[in-house]
Amino acid sequence: MTIEKEPALDDVLLKPLVEDALAEDLGRRGDVTSQATIPAGMQAQLQIKARQAGVICGMDLARLSFALVDAKIEFVAQVQDGETVAAGAVLATVKGNARHLLTAERTALNFMTHLSGIATATRQIVDSVAQYPAQITCTRKTIPGLRIVQKYAVRCGGGRNHRLGLDDAILIKDNHIAIAGDIKTAIEQAQQFAGHLIPIEVEVDTLEQLEQALEAGVSLVLLDNMSPETLSQAVAMCKGRAKTEASGGITPETVRAAASTGVDFIAMGYLTHSTTALDIGLDFSA
């Protein structure tokens, strides 16, 4: 499948994340190792390299990591977020004060390895279900403070975002239903509250709950922790009545079975909480 390039996030959104990460790393005294071992005025050139094949994400965060330590550092990107690279590919060249380059190194690489890992895993999963209509979405199971960039990484890998926050849409889950009294009451109250601009999705665990939700007129249902057989029945029940989204512990090993049922979306918390970082390093270039 062809995956469109994801528009980059604005620096104004990324800068606070980088500033916080640098402040955490610099602590009270700064980079004492570089201060102790490298002359103050020494210059160096280094390359950011992919040590594994994968989908790259976090280039702007890396650029900002170096720029906020030293605005005179030259950062020349060789790839863009969303590009697939081979092991050994040079992603960027950085040149400037050697101490400052090494001070920014870990912050830049932490962002890139983590986000590239998410983008790579997302692309692999999207490709694995390409023969089915299902679209892969992430969830709100993100690292606090990093949601905007983790969800951006999912998009760079060809996935889609579920809610960015609690204010995006109404998602009626099992505890909402339990406290409201029953599924019909919860849906009716949500419909009265939402108006015409807030979408409503309802989580159901059984086909009985699903029928109640459909009778109440919902247009999107979250089919939670259902077997592939039950998912197939649920999709048939929803045909022409509502869009369907499968959820509940779906992994790379089980995603194809879920996709084969004909669901419209598959929500995977795995993408942001269980993916492995992509191996990326910063190497001295003589």
Side-chain angles (χ1 to χ4, degrees), residues 1-9 14 17-18 21 45-66 75-95 101-102 104-132 134-139 141-143 146 148-161 250-256 258-259 266 268-286:
M1 65 179 294
T2 300
I3 296 176
E4 297 291 332
K5 181 182 180 298
E6 175 64 24
L9 296 176
L14 303 179
L17 301 180
V18 179
Q45 179 172 296
L46 298 98
Q47 294 178 326
I48 301 176
K49 290 184 178 180
R51 294 172 178 166
Q52 286 179 276
V55 179
I56 299 305
C57 185
M59 293 296 293
D60 286 330
L61 287 155
R63 170 179 55 80
L64 284 169
S65 297
F66 290 103
F75 182 97
V76 180
Q78 306 297 325
V79 302
Q80 295 179 308
D81 286 349
E83 288 189 35
T84 300
V85 302
V90 176
L91 309 181
T93 300
V94 288
K95 182 178 181 180
L101 289 172
L102 297 183
E105 173 184 5
R106 180 44 50 198
T107 295
L109 293 181
N110 280 350
F111 281 120
M112 288 199 67
T113 57
H114 177 60
L115 298 179
S116 296
I118 291 173
T120 299
T122 302
R123 182 70 58 84
Q124 291 169 345
I125 290 168
V126 167
D127 288 346
S128 76
V129 299
Q131 70 188 94
Y132 303 109
Q135 298 187 63
I136 302 299
T137 73
C138 56
T139 71
K141 295 175 182 176
T142 55
I143 296 173
L146 293 184
I148 188 172
V149 291
Q150 288 188 304
K151 284 182 171 282
Y152 167 72
V154 169
R155 299 196 302 273
C156 284
R160 296 181 58 150
N161 293 159
I250 297 172
T251 67
E253 292 72 34
T254 61
V255 67
R256 282 179 57 84
I266 300 176
M268 298 182 66
Y270 169 91
L271 298 176
T272 50
H273 67 56
S274 294
T275 50
T276 301
L278 192 72
D279 192 0
I280 297 172
L282 183 66
D283 298 329
F284 177 67
S285 175

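Since this is a predicted model, take the numbers as computed values, not measurements.
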Novice: Can you name the one residue among Ile250, Ile266, Ile136 that meets side chain to side chain contact (heavy atoms under 4.5 Å, CB included) with Ile125?
Specialist: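 Answer to the side chain to side chain contact (heavy atoms under 4.5 Å, CB included) test with Ile125 among Ile250, Ile266, Ile136: Ile136.
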
Novice: Could you tell me if the side chain of Leu282 sits less than 4.5 Å from the side chain of Leu109, heavy atoms only?
Specialist: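 The answer is yes, as the side chains (C-beta and beyond) meet within the 4.5 Å cut-off.
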
Novice: Show the nearest heavy-atom pair for residues Met112 and Ser116, with the distance to one decimal.
Specialist: O-OG, 2.7 Å

Novice: Can any side-chain N or O of Thr137 pair as donor or acceptor with the backbone N or O of Arg160 at less than 3.5 Å?
Specialist: no

Novice: Counting distance only, does the side-chain N/O of Lys151 pair as donor-acceptor with the main-chain N or O of Thr139 below 3.5 Å?
Specialist: yes

Novice: Indicate yes or no: at least one non-hydrogen side-chain atom of Leu17 is less than 4.5 angstrom from one of Phe111.
Specialist: yes

Novice: Under the rule for salt bridge (charged side-chain N to carboxylate O under 4.0 Å, His left out), what residues qualify as partners of Arg256, not counting sequence neighbours?
Specialist: none

Novice: If you take all heavy atoms of Val129 and Ala134, which pair is closest and at what distance?
Specialist: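 Here Val129 and Ala134 meet closest at CG2-O, 4.5 Å.
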
Novice: Within this structure, what is the CD-OG1 distance for the pair Gln52 and Thr120, rounded to the nearest 0.5 Å?
Specialist: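 If I round to the nearest 0.5 Å, the distance is 8.0 Å.
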
Novice: Can you tell me which residue among Leu46, Ile48, Thr107 is in a side chain to side chain contact (heavy atoms under 4.5 Å, CB included) with Phe66?
Specialist: Ile48

Novice: Is a side-chain donor or acceptor of Gln150 paired with a backbone partner of Thr142 at a separation under 3.5 angstrom?
Specialist: no

Novice: Donor-acceptor check, side chain of Glu6 to backbone of Tyr152, threshold 3.5 angstrom: yes or no?
Specialist: no

Novice: Could you list the residues that satisfy side chain to side chain contact (heavy atoms under 4.5 Å, CB included) with Ser274, not counting sequence neighbours?
Specialist: Tyr270

Novice: Looking at every heavy atom in both Ile56 and Ile280, which two are closest together, and how far apart are they?
Specialist: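 That closest heavy-atom pairing would be CD1-CD1, 4.3 Å.
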
Novice: Any Lys/Arg nitrogen of Asp81 or Arg155 sitting under 4.0 Å from an Asp/Glu carboxylate oxygen of the other?
Specialist: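 A salt bridge is absent here (no side-chain N lies under 4.0 Å from a carboxylate O).
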
Novice: Within the structure provided, determine whether Met268 and Thr275 are in side-chain contact (heavy-atom separation under 4.5 Å).
Specialist: no

Novice: Checking the side chain of Arg123 only, and the main-chain atoms of Gly82 only, is there a donor and an acceptor separated by less than 3.5 Å?
Specialist: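 Judged by distance alone, yes, a pair lies under 3.5 Å.
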
